[in-house]
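Keep in mind the model is a prediction, meaning the values are calculated, not measured.
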Amino acid sequence: MTVRNAYIIVFRMHATIYGRGQMVIPAKARKQARIDSGDVVSVEPQGDGRIVLVRLERPKDSRPAKAKIIYRNGNHPVGDLGRPITRDEIKSALAEFP
């Protein structure tokens, strides 16, 4: 049995390290670990040829939400963020006005 065959039998998934130290994590492994495009992972060397990847929490989006104005027939214009607005968000927005 070759080393390659042993890895396939034991781990069922494998990845190859390319010239610049890059590798592709198999889709099945990413799905099981809930790692998605854009996620940040911590790389923890464990010695003896082991590396542990730990998905970090995504930072909350600090960018202000984009609002759009909806003009209704016969009514005044209404702002829409595309999601429900919390009471705290309303207070915070109103605090910015003089």
*Would you say Ile17 and Val43 are hydrophobically clustered, going by side-chain heavy atoms of ILVMFWY under 4.5 Å?*
yes
*Minimum heavy-atom distance Asp36-Asp39, with the two atoms named*: N-OD2, 2.7 Å
*Which heavy atom in Arg55 sits nearest to a heavy atom in Arg34, and how many Å separate them?*
NE-O, 2.9 Å
_Can you list everything that forms a side chain to side chain contact (heavy atoms under 4.5 Å, CB included) with Leu56? Sequence neighbours excluded, please._
Val40, Ser42
_Do Ile51 and Val54 land in one hydrophobic cluster if side-chain heavy atoms of ILVMFWY residues count as linked below 4.5 Å?_
no
